[in-house]
Amino acid sequence: MEKNMKRALITGITGQDGSYLTELLLAKGYEVHGIVRRTSVINTDRIDHLYVDPHEPSARVKLHYGDLMDGSSLRRVIEEIRPDEVYNLAAQSHVAVSFKQPEYSVDVDGLGTLRLLEALRDYMRGSGTNPRFYQAGTSEMFGSTPPPQSEKTPFHPRSPYACAKLYSYHQVINYRESYGMFAANGILFNHESERRGETFVTRKVTRAVARIKLGTQKHLYLGNLDAKRDWGHAEDYVDAMWRILQHHEPDDFVVATGQSYSVGELVVKAFGMLGLNWEDHVLIDPKYYRPAEVEHLHGDPTKAMELLGWKPKVGFDELITRMVHHDLELAQQESVLKGAGHVVVARGLASFS
């Protein structure tokens, strides 16, 4: 391993964003370290194609046990790998779940960031270095504030998830101003991909469309079809994360496409791609409405475009097209396995309340 190779630490490396960011950093010559929680079931599907046995001299992806709820584990990992950049992507990131598990969501998404900042501050004092820190913020922090939303827009969070993320946002600024840390916030609007978790609405829709087309599912249950979101592709958004940490000074940036579409428009687009009439298959279930709805998120990415030279490459139509085609392939594989007598579990399609 080259001694001058940059080292990055990613929390949430096994998630959608973590996997794309790992690909990006490896392409740029980084050594990438990821923090994973200890579980009895290995959950590294999204990065398995990048992983090389750590005993191999060429290995540039290394995983470490740790948890945002355990400050001592964060300190141990940071001191061991001595990162140049830290990307905090780990979170309980499902808004609806945060209403069901508010304490856990706030502990991980809010206090977890504080623990990581404290671990970094201790490392800075002992090492004399100043690693660059990226915090994954969210457009959900804007909540009910009217669009378009920029870095100057007031926040009005409408969920435990959004409140916790807003706490983290302000702590990052506090540590930047109090201790001179290179700590920056990315306020990312909704970003999806073929790797999106199957309980998030975009992937829930595209998975259902594919399975309905092949006759292995009859209906799709949704909540508020009128809610509007600014949807981009996660691969574009991790590029913005990296650019934020390459900026000459720590700052906070909105990352968005500048366009928004309703859930209903997403549904029409996805079903139409496979020649289906959505009205024949989509049913509304009130349990999927949030206690406090966020009606319209529409970002203004002007600052990121002008100061970072960033712009999204994948538009809404291409995003949904990619996801539907990907999920159609998965649904076809399911059908083949079922035809061969195998038991297939459709992940993410269970109805939780």
Side-chain angles (χ1 to χ4, degrees), residues 10-18 34-39 41 43 46 65-74 86-119 133-145 149 155-175 183 185-192 195-204 223-224 227 229 234 237 241 252 287-295 297 347-348 350-353:
I10 303 174
T11 71
I13 191 172
T14 59
Q16 169 190 254
D17 294 3
I35 290 180
V36 294
R37 288 180 298 157
R38 171 69 178 92
T39 61
V41 178
N43 182 29
R46 294 186 180 98
Y65 285 125
D67 197 311
L68 288 180
M69 298 178 71
D70 177 11
S72 62
S73 70
L74 301 177
V86 177
Y87 297 84
N88 185 29
L89 311 185
Q92 189 303 98
S93 59
H94 201 287
V95 175
V97 171
S98 76
F99 284 104
K100 305 294 184 181
Q101 294 184 290
E103 291 183 40
Y104 172 76
S105 300
V106 170
D107 198 347
V108 174
D109 300 354
L111 293 179
T113 303
L114 181 64
R115 294 183 187 103
L116 189 52
L117 286 168
E118 273 294 282
F133 177 81
Y134 171 85
Q135 168 62 20
T138 171
S139 58
E140 290 285 336
M141 298 187 301
F142 292 118
S144 60
T145 304
Q149 293 107 356
F155 296 113
H156 189 164
R158 301 267 286 172
S159 67
Y161 166 72
C163 290
K165 282 291 190 176
L166 184 54
Y167 173 86
S168 289
Y169 169 87
H170 284 298
Q171 285 291 13
V172 167
I173 295 173
N174 180 44
Y175 273 66
N185 286 294
I187 308 172
L188 272 59
F189 280 65
N190 293 64
H191 45 290
E192 319 296 321
R195 302 177 190 174
R196 187 56 144 152
E198 293 161 355
T199 58
F200 290 86
V201 68
T202 48
R203 191 77 195 287
K204 182 178 178 180
N224 184 7
R229 294 293 183 269
Y237 284 46
M241 296 177 190
D252 310 315
K287 75 179 180 183
Y288 291 120
Y289 281 82
R290 301 178 184 179
E293 286 287 333
V294 173
E295 295 295 344
L297 296 176
R347 298 174 301 165
S351 178
F352 293 96
S353 60

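These numbers come from the heavy atoms of this one structure, side chains and all, not from hydrogens, waters or symmetry mates.
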Mind checking what makes side chain to side chain donor-acceptor pair (under 3.5 Å) contact with Thr11, not counting sequence neighbours?
-> Asn88
What distance separates Cys163 SG from Arg158 CZ, expressed to the nearest 0.5 Å?
-> 10.5 Å
Specify the closest pair of heavy atoms between Gly12 and Ala90, including all atoms of both residues, with the distance to one decimal.
-> N-CB, 3.5 Å
Main-chain N/O of Ile187 paired to Lys165 side chain as donor or acceptor, under 3.5 Å = no
Set of salt bridge (charged side-chain N to carboxylate O under 4.0 Å, His left out) partners for Arg195, sequence neighbours left out = Glu23
Residues forming a side chain to side chain contact (heavy atoms under 4.5 Å, CB included) with Asp252, sequence neighbours excluded | Tyr169, Ile173, Arg176, Asn185
Nearest-0.5 Å distance, CZ of residue Arg290 to OG of residue Ser98 | 8.0 Å
Please say which of Leu116, Val86, Asp67 ends up in a side chain to side chain contact (heavy atoms under 4.5 Å, CB included) with Leu74.
-> Leu116
Hey, are the side chains of Val108 and Met69 touching, using non-hydrogen atoms and a 4.5 Å cut-off?
-> yes
Determine whether Met241 and Leu89 make a side-chain contact, defined as any pair of heavy atoms from C-beta on separated by less than 4.5 Å.
-> yes
Check Ala292 against Phe99 and note the closest heavy-atom contact, atom names and distance.
-> N-CZ, 4.2 Å
Output all residues satisfying ring-ring contact (aromatic ring centres under 6.0 Å, His included) with Tyr161, sequence neighbours left out; order by chain, then residue number.
-> none
Got a sec, which residues hit side chain to side chain contact (heavy atoms under 4.5 Å, CB included) with Val97, two or more places apart in sequence or on another chain?
-> Gln92, His94, Gln101
Can you list the residues that meet the salt bridge (charged side-chain N to carboxylate O under 4.0 Å, His left out) rule with Asp107, with sequence neighbours excluded?
-> Arg115
Apply the test side-chain hydrogen bond (donor to acceptor under 3.5 Å, both in side chains) to residues Thr113 and Ser168: give CA-CA distance (whole Å), side-chain angles for both, the deciding distance (0.1 Å), then the verdict.
-> CA-CA 6 Å; Thr113 303; Ser168 289; 2.8 Å; yes
pair Gln135-Tyr175: side-chain heavy atoms closer than 4.5 Å | no
Side chain to side chain donor-acceptor pair (under 3.5 Å) partners of Asn190, counting only residues at least two apart = none
Can you name the residues that form a side chain to side chain donor-acceptor pair (under 3.5 Å) with Gln149, not counting sequence neighbours?
-> none
Could you tell me which residues satisfy salt bridge (charged side-chain N to carboxylate O under 4.0 Å, His left out) with Arg37, sequence neighbours excluded, listed by chain and number?
-> none
Using side chain to side chain donor-acceptor pair (under 3.5 Å) as the criterion, list what pairs up with Ser144, not counting sequence neighbours.
-> His156
Side chain to side chain contact (heavy atoms under 4.5 Å, CB included) against Ala234, all qualifying residues, sequence neighbours excluded = Gln16, Asp17, Tyr20, His191, Ser193
To the nearest 0.5 Å, what is the distance between CZ (Phe189) and CG (Leu297)?
-> 6.0 Å
Would you say the side chains of Gln171 and Tyr167 form a donor-acceptor pair under 3.5 Å?
-> yes
OH on Tyr289 to CG on Asn224, rounded to 0.5 Å | 5.0 Å
With sequence neighbours excluded, tell me which residues meet salt bridge (charged side-chain N to carboxylate O under 4.0 Å, His left out) with Glu118.
-> Arg121
Check: Val36 and Tyr65 side chains under 4.5 Å, non-hydrogen atoms = yes
What distance separates Asp109 CG from Leu166 CG, expressed to the nearest 0.5 Å?
-> 12.5 Å
Keeping the roles fixed (side chain from Arg203, backbone from Gly197), state whether a donor-acceptor pair exists under 3.5 Å.
-> no
